[in-house]
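Lettering follows sequence order; numbering is per chain, from 1.
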Protein chains: 2
Amino acid sequence: MYRINFSEFFTSAFSVDCMLFGYSQGQIKALLIKRAMEPYNNFWAIPGDLVYPDEDLDEAANRILKDLTGLSDVGLHQAQSFGHPKRHPQGRVVTVSYFAMVRIEDFNAKASSWADEISWVPIHNIPVLAFDHNLIMSTTIELLKQKLRVEPICFDMLPDRFTLNEFQQLYEYAYNQPLDKANFRKKIKHVPLLAHDEKQKMVKHRPAKLFSFAKEEYKTKVETSDYQFKM
Amino acid sequence: MYRINFSEFFTSAFSVDCMLFGYSQGQIKALLIKRAMEPYNNFWAIPGDLVYPDEDLDEAANRILKDLTGLSDVGLHQAQSFGHPKRHPQGRVVTVSYFAMVRIEDFNAKASSWADEISWVPIHNIPVLAFDHNLIMSTTIELLKQKLRVEPICFDMLPDRFTLNEFQQLYEYAYNQPLDKANFRKKIKHVPLLAHDEKQKMVKHRPAKLFSFAKEEYKTKVETSDYQFKM
DNA sequence: TTAAATAATTGTCGAAAATACAATAATTAA
DNA sequence: TTAATTATTGTATTTTCGACAATTATTTAA
């Protein structure tokens with residue numbers, strides 16, 4: 001087997017791309033940045049950065065998240081890696097994509113050193129992006145949709161207190177199909193929700209009750225029974 | 001934000017680790033190699049290699065698979081990436097793990113330049129491995145189990161013609177629990193199988209009918225209906 | 001040749017979940 | 001007070017799940 005010089009392997013760089021998903025106005029949205037540097041200056045892109053030599057991949061993803069949002073302690077999910085030799089014009093850069101769910105209202109995402117402008121874009125209307133970011137984005141969105149089916153990550157996007165309709169509409173948008181109200185409520189019977197006395201306000205119709213996700217109860221339920229979240 | 005010199009980022013290498021899974025004697029097994037070079041000389045490890053500068057990740061995974069088995073055109077699944085800064089003693093090496101299902105009987109896996117010896121080891125009995133390969137292996141095995149639930153990849157491990165009992169036992173081993181025969185057969189009613197006239201031979205009891213997976217029929221079924229494989 | 005043994009295959013029944021659709025209750029705004 | 005709107009609950013039917021029983025086909029030993 002042919003072998004190139006060992007040192008010639010150590011000539012590549014790594015980046016992580018960190019997709020943020022949130023939910024507002026009935027749509028699941030992804031955070032995009034407008035690049036303020038070459039290459040692909042002025043293109044929309046997924047926030048990302050090179051990984052420092054002494055940094056683990058997860059650390060780098062957390063750093064980017066912190067830069068963008070000021071948030072830490074957000075659950076990050078590794079998605080996939082992309083390594084086409086020509087994917088980056090300035091050298092061999094393999095990228096690892098991550099995603100996280102956030103509550104859009106909870107913070108002001110800020111443009112950072114690499115970006116002029118940011119924007120929340122509905123995942124069904126992603127524009128042309130820099131590099132191979134369209135491939136990365138679509139792959140990751142598919143993964144997100146799959147995870148929404150079997151893990152209660154939707155509650156990381158919903159406000160702390162939400163109505164059952166908001167909950168339902170999130171899934172209607174994700175699956176791109178309407179769901180029956182009555183049956184939806186039957187389906188979530190097993191999901192541990194905390195009902196509040198508080199009601200919706202400022203609406204011009206009967207206000208809906210507000211609920212929260214009972215995270216601790218969920219955890220013990222998963223551990224003690226063989227319950228599996230399933231939508 | 002602090003920035004190191006751009007060129008200092010281009011000092012890492014990456015590898016792919018390529019897990020092979022097969023099924024024999026009622027057990028799902030993984031192919032391990034015994035390393036014949038430093039570091040971790042003589043340790044069991046997952047087959048893998050550094051990726052060449054002009055190679056895509058998938059290409060590298062296919063190359064390793066070809067070296068080991070002579071097989072190409074095998075469906076490869078990307079699992080996860082691992083990038084702890086100290087995971088490799090000789091420098092920064094991020095690894096991307098892949099896995100594939102094969103029919104163990106279909107070929108003779110051969111030791112290659114980096115390995116003395118190979119072995120098929122039941123996934124429930126993985127020994128101590130080189131590097132962080134135990135982490136990689138267990139993560140990937142979990143992913144395999146998840147995919148077994150929703151994709152018909154089990155048929156890539158089963159012989160071309162199999163009995164329903166072999167089919168069932170594969171899932172019993174994966175889930176580590178016995179399944180009811182009658183109910184199993186009801187569950188797979190929707191899976192497109194081709195029944196052969198041929199029967200099992202050389203068994204000391206009533207021979208079971210042999211089946212094959214009807215791959216093409218499966219594909220059209222997925223496309224035309226909203227059928228989803230589910231075990 | 002026949003019976004015992006073994007495993008394949010099919011059937012039944014009740015419980016639980018999914019689906020379609022209807023009815024009722026609680027608010028707001030005019 | 002009432003129309004409009006939406007939340008919430010209910011009913012009836014079909015489909016799937018899970019436990020278990022019954023039947024059938026084949027081999028081997030007597």
- request: Check whether any side-chain N or O of S97(B) sits under 3.5 Å from a backbone N or O of Q80(B) as a donor-acceptor pair, and report yes or no.
  value: yes
- prompt: Mind checking what makes side chain to side chain contact (heavy atoms under 4.5 Å, CB included) contact with R103(B), not counting sequence neighbours?
  reply: D106(B)
- request: Please state whether the phosphate of dT19(C), meaning OP1 or OP2, lies under 4.0 angstrom from any side-chain nitrogen or oxygen of K186(A).
  value: no
query: With sequence neighbours excluded, what pairs up with D58(A) under the salt bridge (charged side-chain N to carboxylate O under 4.0 Å, His left out) test?
result: none
- prompt: Is a side-chain donor or acceptor of S119(B) paired with a backbone partner of L32(B) at a separation under 3.5 angstrom?
  reply: no
message: Let's see if you get this right: which residues in residues 166-183 of chain B place a heavy atom under 4.0 Å from DNA chain D?
response: D180(B), A182(B), N183(B)
task: Nearest whole angstrom, please: distance from the P of dA8(C) to the CG of L210(B).
output: 12 Å
task: Assign each of F211(A) and K230(B) to its nearest nucleotide of DNA chain D by heavy atoms, then name whichever residue's nucleotide is nearer the 5' end.
output: F211(A)
query: Can you find a heavy atom in the side chain of K199(A) that is under 4.5 Å from one in the side chain of R206(A)?
result: no
query: Of P207(A) and K187(A), whose nearest nucleotide on DNA chain C comes first from the 5' end?
result: K187(A)
message: Would you say N165(B) places a side-chain N or O within less than 4.0 Å of OP1 or OP2 belonging to dA7(C)?
response: no
message: When you compare the side chain of K230(A) with that of K187(A), does any pair of heavy atoms fall below 4.5 Å?
response: no
statement: Taken in chain and number order and not counting sequence neighbours, the residues that satisfy ring-ring contact (aromatic ring centres under 6.0 Å, His included) with H124(A) are Y173(A)
field: Start and end of chain B contact along DNA chain D [non-hydrogen atoms, under 4.0 Å]
entry: dG18(D) to dT28(D)
message: F184(A): which residues meet the ring-ring contact (aromatic ring centres under 6.0 Å, His included) condition with it, sequence neighbours left out?
response: F167(A)
- line: Taken to the nearest whole Å, CD/Q200(A) to P/dT28(C) is 11 Å
